[in-house]
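Notes follow once the structure below has been shown.
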Amino acid sequence: LLQLATTEVVYQVRLDEMPYQLEIDSLRDLLASERPVKIINDAKRPIRFLEEHGIRVGRCFDPKVIAAILSGGTARTDSPLVTLPALVERYLGAGLELVTDESPVGRSGGTPAEAAAREVAVLVPLRAAMVDDVLESGLLRVAKLEMDCLAPLARMEHAGLPFDYERWEALVRLIEESTERAAEALRGEIAGLGLSPPAKLKSGNDLLAILNAAGIPATSTQQEHLKSFAQSPVVARLLEFKRFSGYADTVGRNFLRAVHPVTGRLHGEFLQMGAGTGRIQSRNPPIQNIPKAPDFRECIRTRPSRVLVVADCSQMELRILAELSGDEGMRDAFRSGADLHRTMAAKMYGIAPETVTTEQRSAAKTINFGLSYGMGAPGLASKLEIDVAAAERMIPAFFRAVPAVERYLETCA
């Protein structure tokens, strides 16, 4: 069922009952045109459906995505705050079921077709109200950019990722075996301390109690926190167990179950502004969770006649930070094409860029991103696997290298 609403009338079209190719062609032309703008709530799914049937969709407006933009990061595109009833209530002042008296489809209630027609009819006045909000907020360019991403994301989902099922399955079996061995080693280490292993090795409270009973002053069983105590054999075993069980939980057999039975590919769902920072996330399966380890990455492989191209918007957040803060050192590095992380490492350590080691560059990269997002000394120490005192000395060194960034971040606090 395809529903089309104008300011005067709602059309409901049964695609499987359209008898003439001419009518289908007319519909295709309408949807593919830049004007009028197509207002489609939660647009990516309908766009994908239409494109799978050879119908490209032109310029769109998605109320859900626009609402996420206007929220300033407080609502993601899968948030209850951006559902159609919530947006109607906010912008038009009435529950969705009440938007009927002045609508072109009659009164509240009626048949399911009439209820569906009311839902699509409300999109026209909703867009008008939301456009005013976008213009008032000065977010027109941002909104246009996000709308331009709708169709490419739908095509990405449709295309999917090439996937080596057999290789991944063998890797999963190896992970499961390694997880079991690590579990047995951890139980043995706990028993060797004269303590009883917990029934469930993933129980954070039970494990924390055991660590404290063994004299380890841990306050969390999070991996980053436990790294500070990795010299303890029981903590080392626990970290090993967490690493393998984490692989099993996040990228194990769930990926095998997600392989499409016809295409043999992974057709993950991409959530536009799925993270609070505005980044895209994926689910079913979570493709971005595939570890960087070559064993995993090599399972994403093409046919022999194809080439897989990897592209990256390098250091995007830092480029934005350089622009917003006006820091000339960062901006000069980007303008000249220099390696920013190497440049920052040289400034922080007071050495020439060509003498920066791989470890120093890696530390600078962690600091560049971490401090830009408000990471403190404890978090930095955990990431770099150094003591907190050393991390506290590195933070002023970073801000001395980029003073305008420090001033800008202080205004954002």
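The structure presented is a predicted model; accordingly, all values stated were derived computationally and were not measured.
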State, with a plain yes or no, whether a side-chain heavy atom of [X] is found less than 4.5 Å away from one of [Y].
X: Met344; Y: Ile367; answer: no
X: Val234; Y: Phe229; answer: no
X: Glu298; Y: Arg167; answer: yes
X: Leu150; Y: Cys60; answer: yes
X: Leu4; Y: Leu30; answer: yes

Verify, without hydrogens or angle tests, whether [X] (side chain) and [Y] (backbone) share a donor-acceptor contact under 3.5 angstrom.
X: Ser220; Y: Gln222; value: yes
X: Lys44; Y: Glu157; value: no
X: Ser282; Y: Ile287; value: yes

Next on the checklist: Does this structure show an ion pair linking Lys144 with Asp148, if we count only N-O contacts that are shorter than 4.0 Å?
Outcome noted: yes
Checklist entry - With a 4.0 Å cut-off, would you call Arg48 and Glu52 a salt bridge? => result yes
Checklist outcome for this item: Contacts of Thr355 meeting side-chain hydrogen bond (donor to acceptor under 3.5 Å, both in side chains) (sequence neighbours excluded), chain-then-number -> none
Any side-chain donor paired with an acceptor under 3.5 Å for [X] and [Y]?
X: Gln281; Y: Gln288; answer: no
X: Arg181; Y: Ser178; answer: yes
X: Tyr91; Y: Asp133; answer: yes

Item to check | Phe163 six-ring face occupied by Arg265 cation (under 6.0 Å, within 45°) | outcome: no
Checklist entry - Taking atom CG of Asp206 and atom OG of Ser196, what is their separation to the nearest 0.5 Å? => result 11.0 Å
